[in-house]
Amino acid sequence: MSRQIVSVVGGKDAASVDTYESTNPARTGDVVASVGLADADVFAAACRTAKEAQREWAKVPAPVRGRVIASIGRLVEANAESLARLVTEEIGKPYAEALGEVREIVDTCDFFLGEGRRLYGQTVPSEMPDKNLFTFRTPVGVAAVITAGNFPVAVPSWYLVPALLCGNAVVWKPAEYSAASAHAMFRLFSAAGLPDGVLNIVFADGAETFRGLDRALGEGTVQKVGFTGSSEVGRRIGELAGRHLQSACLELGGKNPMVVMPDADLDLAVEGALFSGFGTAGQRCTSLGTVIVHESVHDEFLERFARAVREAEIGDPAGDVLAGPLLDRKFAERFEEYLTWIQPHHTVVTGPVGRITEDNPRGGFDGGDGLYYHPVVVDGVRPDDRLFLEETFGPIVGVTAFRTLDEAIELANLPGYGLSSSIYTTDAANAFRFREGVSAGMVSVNNSTSGAEAHLPFGGNGKSGNGSRQSGMWVLDQFTRWQAMNWDHSGRLQKAQMDVAEITPDLGFRL
């Protein structure tokens with residue numbers, strides 16, 4: 001029997017207006033959860049509830065809030081295998097990756113539990129006597145957080161943990177197709193002792209969420225919007241927040257380049273390209289988009305890469321595989337459109353394309369009724385191709401050649417995204433020239449385009465985001481506002497820039 005889940009607002013189940021069935025993409029006939037979908041009214045009401053709860057939560061001393069974050073980490077750690085199995089069942093992510101994703105929540109909690117004692121402000125010297133200046137971090141208020149389902153628990157933790165630690169309340173809208181995983185994570189957070197209304201979860205479709213967010217922003221019950229998803233939707237979220245004079249924290253898509261220099265360790269580069277291109281079936285925002293290979297090693301790299309992809313295990317995500325199915329039917333349909341972008345001047349070097357079926361098997365694997373697709377490597381991609389310029393969310397990687405590092409950097413920046421990037425080289429000068437020239441918010445040297453750590457800033461530029469960063473100490477700027485205070489104990493009114501003592505130099509002095 002599938003799970004029955006609904007939105008939870010203020011600690012109570014909320015009304016639903018429709019139902020969504022979250023299915024197992026490895027066995028599409030299996031329903032993982034029946035999800036009650038709320039409407040804009042529920043979303044807006046959740047934001048009002050969060051506003052009321054936030055006032056009291058902000059009064060809880062920050063070190064105590066840090067202890068709650070510590071409890072969340074311990075609860076997730078104790079339930080790691082159960083949560084990882086649910087992630088695998090619901091979105092088809094290989095179990096080893098799902099377990100790593102759950103570990104990311106624990107790492108995030110481990111980092112931020114101590115930040116409750118380090119939400120430092122400063123004392124600042126005044127230009128006048130008998131006056132003290134201070135700065136304080138204060139909570140923003142209520143954060144509306146909207147997340148995608150390809151990382152249904154790790155990425156939300158990048159928002160939820162620091163937002164809660166800083167004294168904010170949260171209304172979280174996860175993706176419908178990963179609702180069961182999100183609901184399980186919500187229950188773990190709640191078990192740590194969060195007061196009702198401090199964290200609320202709302203399941204709704206995109207249109208109702210947008211309407212509810214618009215209303216909440218208009219009512220002044222949301223002071224921060226966090227969004228992880230496509231660049232197209234991110235633009236609309238950013239525009240909406242801007243109309244209400246609020247800033248959005250946007251983590252969007254990517255067309256992530258990997259540059260392979262002539263001095264690269266090709267076996268290492270192939271290993272990195274295989275994992276970042278086809279791990280999670282190419283459905284990470286940091287997935288490899290295009291390999292930009294020096295012409296002198298192009299043929300050798302391509303031969304090794306194509307062989308590695310052909311030999312990689314695709315199949316049941318509960319097993320030891322590189323990749324399982326695509327996340328959901330809508331992503332499978334979209335991926336089939338991307339496959340139509342393969343043109344006559346391209347060369348597919350990995351064999352069959354399309355859905356893995358009995359008529360189009362991958363070796364002895366016919367895919368059953370799962371959303372399994374052949375991994376595809378396309379050589380001969382040109383800078384004006386859609387395959388080169390646009391994000392292709394799924395298991396397809398383009399390959400092109402270059403002559404000089406400057407040309408490689410230009411190609412890496414051309415699509416206009418700026419999330420992650422990678423260079424394989426044994427020359428430090430190449431690594432630093434690439435870092436200086438590439439527009440990406442994250443750069444890897446001799447490592448794949450995927451692999452964020454909880455204590456580093458995560459985020460992109462251009463089509464990949466608005467420069468906001470998740471993770472590490474940098475995300476505190478998303479969930480706090482700086483407040484300045486001056487305290488004059490002189491007993492008289494001292495006017496800044498006017499009542500300042502001057503010491504007159506003799507600027508005409510010469511030796």
Side-chain angles (χ1 to χ4, degrees), residues 47 50-66 69 111-144 159 162-170 198 216-226 238-250 441 455 457 459 461 465-511:
C47 295
K51 181 180 179 180
E52 294 300 316
Q54 190 270 333
R55 293 190 180 100
E56 295 303 314
W57 178 240
K59 294 177 185 177
V60 175
V64 178
R65 298 196 301 260
I69 297 304
F111 180 87
F112 281 105
L113 64 90
E115 290 304 304
R117 297 183 183 273
R118 287 190 297 270
L119 285 175
Y120 297 145
Q122 295 113 1
T123 56
V124 183
S126 173
E127 62 191 22
M128 289 173 283
D130 299 319
K131 187 177 182 183
N132 298 101
L133 308 179
F134 309 89
T135 65
F136 301 88
R137 283 190 184 272
T138 62
V140 296
V142 174
Y159 293 100
L164 295 169
L165 174 81
C166 290
N168 304 286
V170 179
V198 170
L217 286 164
E219 293 175 354
T221 56
V222 167
Q223 288 71 44
K224 188 70 186 182
V225 180
E239 289 170 357
L240 177 61
R243 288 204 299 273
H244 293 278
L245 300 182
Q246 298 293 346
S247 62
C249 180
L250 302 176
H455 50 286
N461 312 309
N466 57 352
S468 57
R469 293 294 182 265
Q470 293 82 45
S471 298
M473 57 184 285
W474 298 270
V475 76
L476 296 177
D477 288 332
Q478 297 298 321
F479 295 111
T480 57
R481 301 277 190 254
W482 282 110
Q483 183 182 60
M485 173 181 173
N486 75 82
W487 186 341
D488 194 318
H489 52 92
S490 67
R492 60 192 175 85
L493 178 63
Q494 299 188 89
K495 299 183 285 293
Q497 292 86 47
M498 297 172 66
D499 296 334
V500 180
E502 290 197 21
I503 297 176
T504 305
D506 179 5
L507 296 179
F509 175 79
R510 300 289 186 274
L511 289 176

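Heavy atoms only: backbone and side chains are in, while hydrogens, waters and symmetry mates are out. Residue numbers count from 1 along this sequence.
Scanning both residues, L119 and A62, for their nearest heavy atoms gives CD1-CB, 3.9 Å. What you find for C47 and V222 is that their closest heavy atoms are SG-CG2, 3.5 Å. In terms of heavy-atom proximity, S490 sits nearest to P129 at CB-O, 4.4 Å. Minimum heavy-atom separation, S468 to A248: OG-O, 4.5 Å. Of all heavy-atom pairs spanning A50 and A169, the tightest one is O-CB, 3.4 Å. In terms of heavy atoms, Q54 sits closest to G167 at NE2-O, 2.9 Å.
Annotation: M128, atom CE; neighbour count of heavy atoms from other residues, nucleotides and ligands within 6.0 Å is above 12. No more than 12 heavy atoms of other residues, nucleotides or ligands sit less than 6.0 Å from atom CZ of R117.
Side-chain contact between T221 and V142: absent, with no pair of heavy atoms (C-beta onward) separated by less than 4.5 Å. The shortest distance between side-chain heavy atoms of W487 and K131 does not fall below 4.5 Å.
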Open item on the list: Would N466 and L250 count as a side chain to side chain contact (heavy atoms under 4.5 Å, CB included) here? Give the steps.
Closed with: CA-CA 6 Å; N466 57 352; L250 302 176; 3.7 Å; yes
Task: Residue pair Q246, V225: steps toward the side chain to side chain contact (heavy atoms under 4.5 Å, CB included) verdict - done: CA-CA 8 Å; Q246 298 293 346; V225 180; 5.5 Å; no
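Between F479 and Y159, the ring planes are perpendicular. Angles over 60° get that label, and only those under 30° would be called parallel.
Distance check: D499 CG to E127 CD gives 9.5 Å after rounding to the nearest 0.5 Å. Between T135 atom OG1 and Y120 atom OH the span is 13.0 Å, to the nearest 0.5 Å. Taken to the nearest 0.5 Å, the CZ atom of F111 stands 13.0 Å off from the CD1 atom of I69. We find the CD-CG distance between Q494 and D488 to be 4.5 Å, quoted to the nearest 0.5 Å. Here SG of C166 is found 8.5 Å from CD of E115. Values are rounded to the nearest 0.5 Å. R65 CZ to K59 NZ: the interatomic distance, rounded to the nearest 0.5 Å, is 13.0 Å.
At distances below 3.5 Å, not a single donor-acceptor pair connects side-chain atoms of R118 with backbone N or O atoms of G116. Here the side chain of R492 pairs no donor or acceptor atom with the backbone of H489 at under 3.5 angstrom. With hydrogens and angles disregarded, a donor-acceptor distance shorter than 3.5 Å links the side chain of W57 to the backbone of L164. The backbone N or O of T123 lies less than 3.5 Å from no partner atom in the side chain of N132, so there is not a single donor-acceptor pair.
Under the side-chain hydrogen bond (donor to acceptor under 3.5 Å, both in side chains) rule, S247 has a single partner from Q478, K224, Q223, which is K224.
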